[in-house]
Amino acid sequence: MASREENEAVTGLLRRSLARDAAVPGDCPEPEFLAAYFEHSLDAAETALYDRHFSGCSRCRAQLAAMVRADVPKTQSRSAWLLDWRLLTAAAAVMLLVTVWLVRKSERANLASQPANAPLVAVANEEPKNGSPASPAADRITAVPQAAPETAKKVQPAPTAPAPRPLTRDQERKDEKKAARQFADSNSLEVQAPPNRVQSAAPSNGQTIEQDRRLKQQDSPTSHSMAVGALSQRAQAGHAGAQQQQIPAASQMVMVQPSPAPTQSASGASQSAPVRERRVSPPSPPASTAAPASVGGQAIGAATETVTVTNAEISDDKQEKSQPLTSAYSASDQGAMLQVLTESSVVKVIDTPIPSIKWRITAAGFVERSEDGGATWKGQEPDPDAHLVAGSAPTDKVCWLVGGEGIVFVTKDATNWKKIPPPVSADLTAVSAKSASAATVTTADGRRFSTHNEGKKWKPEN
Amino acid sequence: MSPDRAPQFVSIETARQLLARAGVPADWNLTPEQFRTALQRSASRRFVGSPPDSKSVESYLGTLNVSDLALACACSIGNAAAWDFFVAKFRPELYRAARAIAGESSGRELADSLYAELYGLRESGGERKSLFDYFHGRSKLTTWLRAILSQRHVDEIRRARRTEPLEDNDREDSSETAVARNGTAEGLLDPERRKYLAILQATLTLVLDALAPRDRLRLAYYYVEELALAEIGKLLGEHEATVSRKLERTRRDLRSQIDAALRERKLSDAQLQLCYEYAREEWPFDLTLRLRSISPRSVDSGPAG
């Protein structure tokens with residue numbers, strides 16, 4: 001390829017040579033022919049003749065150049081520019097974009113105005129998001145049509161208790177199963193079969209662990225697994241606070257979070273394995289035994305119900321994470337749920353040394369962890385029966401939790417919780433942790449106990 | 001040959017039809033006979049030499065701008081109404097074009113002189129002669145006026161810059177002598193340098209002469225007149241993209257032909273490089289003056305000379 005210098009040389013040569021073209025006297029056409037040539041109104045022979053002359057005549061070329069420079073698009077009408085293909089193409093592209101935008105906007109508006117039986121995504125807590133949009137797995141759930149999160153704030157709770165929907169038993173079970181899975185998926189809840197059950201203290205009243213648990217489930221409304229049905233119950237009762245609520249274990253939902261690979265836990269023990277299966281045996285309600293379980297809050301039938309979610313189902317559900325819940329709930333139910341869930345306020349926020357990582361305890365007894373400074377939260381449940389009130393996180397992975405009846409939990413990997421034997425069977429109101437093995441707890445009456453070996457031994461501080 | 005003695009190509013009936021087609025106002029008082037004279041004059045200029053057949057004449061007459069021709073004819077005769085019409089419709093454009101071609105003040109003077117000639121202030125043999133007599137309808141009246149303005153302006157520039165003598169000088173001198181005369185002092189002292197430049201110039205001249213007229217015209221418009229691609233396209237009836245593509249192709253072919261011609265002269269690659277190097281050093285300085293002397297674009301807005 002010719003170099004730049006050579007090209008410049010050729011350019012200079014061309015200019016010099018062409019500029020030396022002489023005008024042949026007498027051969028230059030009169031203005032009449034010049035004008036006709038300019039307008040291309042000469043025939044082919046004449047045009048070729050004058051092409052030949054002009055190519056070698058600097059005078060005629062200069063005249064033609066002057067004419068073309070003085071030529072203005074006066075022949076075009078004032079609106080002729082509108083017909084420029086470039087402008088038309090650009091205008092067409094803009095119109096297309098605007099059309100697409102309007103169509104999408106109307107689609108969104110249609111989705112927002114969907115009726116109440118539109119897919120429901122349950123609400124855990126309402127807290128202003130302050131970060132980037134959450135991943136699907138960590139999406140906060142709202143008890144309103146999923147496609148219109150902004151309308152969630154506008155949903156008002158039902159003023160009166162909704163009439164229960166008559167459902168067949170099978171249909172109820174199916175609805176409950178599906179709702180449970182979808183609730184868990186959308187809420188990113190991780191419910192583990194508390195391996196600490198094995199380590200937990202024996203019930204003090206001599207009952208078996210299972211019996212004790214059942215009784216507690218009857219009494220304690222904090223079971224996470226009762227989320228949807230229990231909340232519906234609460235909505236019906238119209239209670240603002242959830243702590244004292246006595247909610248029968250009506251709808252035993254299995255909330256199973258297909259948690260990440262078991263490799264999260266270094267131990268790899270069964271403790272670290274996420275729950276894949278949980279047997280739920282709802283107790284027989286004191287009322288009518290024949291009444292079918294209903295998401296409207298009616299008691300579930302006396303028959304033991306086992307809800308098992310297999311890994312395959314979990315993985316399938318995970319794939320359908322974006323699928324909204326089926327419309328198993330009426331609009332009033334959904335509104336009530338929203339109200340209850342919204343009113344489930346955060347009890348305690350636990351900061352870690354890393355600002356973006358936080359823990360929090362909700363009034364419903366859930367423990368949630370955020371990795372993005374509180375924009376999104378991932379729920380955990382150390383113990384469905386635990387009534388947690390305080391916590392301390394010396395690192396981003398280590399967190400101590402304390403609560404009523406001497407409950408103490410600790411996690412070292414932000415996932416798996418271990419129940420620590422309390423110093424005393426008293427309500428614990430505060431904890432201050434230094435590491436995964438060292439912490440100081442405070443009882444409701446002000447006593448303080450510290451441990452340096454993960455609760456194997458406690459030492460009173462005052 | 002005067003129109004009266006020229007072969008009669010246009011019948012009175014044809015003239016009457018064309019006059020009707022022109023839509024001439026009645027107050028112009030233009031008769032078919034007068035219009036026929038104008039048509040005949042136009043056809044005579046077109047078919048100089050060989051008498052055409054009636055079909056060719058009819059075809060030719062069909063391409064004429066009969067409205068403008070009728071106006072010019074009426075103005076040439078001296079009809080006041082036609083002249084008022086011309087003033088109202090064409091005078092603004094005349095002065096605008098003159099200003100665009102020659103600048104503000106020079107353009108006004110140019111337009112004023114042309115305006116007077118159009119009106120017929122000039123007399124020849126006792127007869128009032130109007131420039132309108134030279135309009136034959138082959139183009140629009142506005143384009144014809146612009147052509148006159150351009151021609152007068154360019155001639156004025158060439159006269160003022162004395163570029164005519166340059167053409168005479170170049171025609172007389174050989175390429176080598178011209179290089180020797182126009183070269184720098186350093187070049188004059190270097191015989192090898194002059195030799196290479198002369199060879200290169202001669203080679204380029206040969207190659208340029210072998211170019212197709214349109215290709216050469218395109219190069220000249222671009223490199224000498226410094227017209228934009230769109231302007232060149234307007235002159236040649238091509239899209240500016242076509243102009244660009246053909247320019248590039250012509251230049252590329254030119255370069256390869258120059259290299260081939262130089263190699264035929266047994267020049268080595270190093271000598272080829274020298275040729276171009278000397279050319280780049282030598283002629284850019286010289287060419288600037290040449291461009292100013294020829295291209296009307298660089299003319300100042302004030303009167304030349």
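Nothing here was measured: the structure is a model prediction, and the numbers come from that model. In what follows, chains are A, B, ... by sequence order, proteins preceding strands, each numbered from 1.
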Rounded at 0.5 Å granularity, tell me how far [atom1] in [X] sits from [atom2] in [Y].
| X | Y | atom1 | atom2 | answer |
| --- | --- | --- | --- | --- |
| A/Met67 | B/Thr143 | CE | OG1 | 6.0 Å |
| A/Leu34 | B/Gln151 | CG | CD | 7.0 Å |
| B/Tyr223 | A/Leu18 | OH | CG | 9.5 Å |
| A/Leu64 | B/Ile232 | CG | CD1 | 12.0 Å |
| B/Arg216 | A/Asp51 | CZ | CG | 13.0 Å |
| B/Ile101 | A/Gln63 | CD1 | CD | 10.0 Å |

Backbone N or O of B/Pro213 within a donor-acceptor pair of the A/Arg52 side chain at under 3.5 Å?
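A pair under 3.5 Å: no.
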Report yes or no: does B/Arg146 contribute a side-chain atom to a donor-acceptor pair with the main-chain N or O of A/Val68 at less than 3.5 Å?
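No; judged by distance alone, with no hydrogens or angles, the pair does not exist.
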For [X], is it the side chain, the backbone, both, or neither that has a heavy atom closer than 4.5 Å to a heavy atom of chain A?
| X | value |
| --- | --- |
| B/Leu208 | side chain |
| B/Arg214 | side chain |
| B/Leu236 | both |
| B/Arg46 | side chain |

Decide yes or no on side-chain contact (heavy atoms from CB on, under 4.5 Å) for A/Arg16 and B/Leu204, but give the supporting numbers first.
CA-CA 10 Å; A/Arg16 175 183 170 79; B/Leu204 180 62; over 6 Å; no
Quick check on the interface: out of [options], who has the most heavy-atom pairs with chain A under 4.5 Å?
| options | answer |
| --- | --- |
| B/Arg45, B/His136, B/Gln273, B/Glu277 | B/Arg45 |
| B/Asp209, B/Ile148, B/Asp155 | B/Asp155 |
| B/Ala220, B/Ser139, B/Ala100 | B/Ser139 |

Quick one: closest heavy-atom pair of B/Gln201 and A/Ser17, and the distance?
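So the two residues come closest at NE2-OG, 2.7 Å.
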Neighbourhood of chain B inside residues 35-46 of chain A, taking heavy atoms under 4.5 Å as contact
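Answer by number: A/Ala35, A/Ala36, A/Tyr37, A/Phe38, A/Glu39, A/His40, A/Ser41, A/Leu42, A/Asp43, A/Glu46.
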Is the number of heavy atoms from other residues, nucleotides or ligands under 6.0 Å of B/Tyr222 OH greater than 12?
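Count not over threshold, so no.
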Do B/Tyr134 and A/Glu32 pass the side-chain contact (heavy atoms from CB on, under 4.5 Å) test, and can you show the C-alpha distance, the side-chain angles, and the key distance before you say yes or no?
CA-CA 7 Å; B/Tyr134 298 96; A/Glu32 169 198 352; over 6 Å; no
Using a strict cut-off of less than 4.0 Å between a Lys/Arg side-chain nitrogen and an Asp/Glu carboxylate oxygen, indicate whether A/Arg69 and B/Glu226 qualify as a salt bridge.
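So A/Arg69 does not pair with B/Glu226 through a salt bridge.
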Report the residues that fulfil salt bridge (charged side-chain N to carboxylate O under 4.0 Å, His left out) with B/Arg218, sequence neighbours left out, ordered by chain and then residue number.
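In terms of salt bridge (charged side-chain N to carboxylate O under 4.0 Å, His left out), with neighbours along the sequence ignored, B/Arg218 is linked to B/Asp215, B/Glu238.
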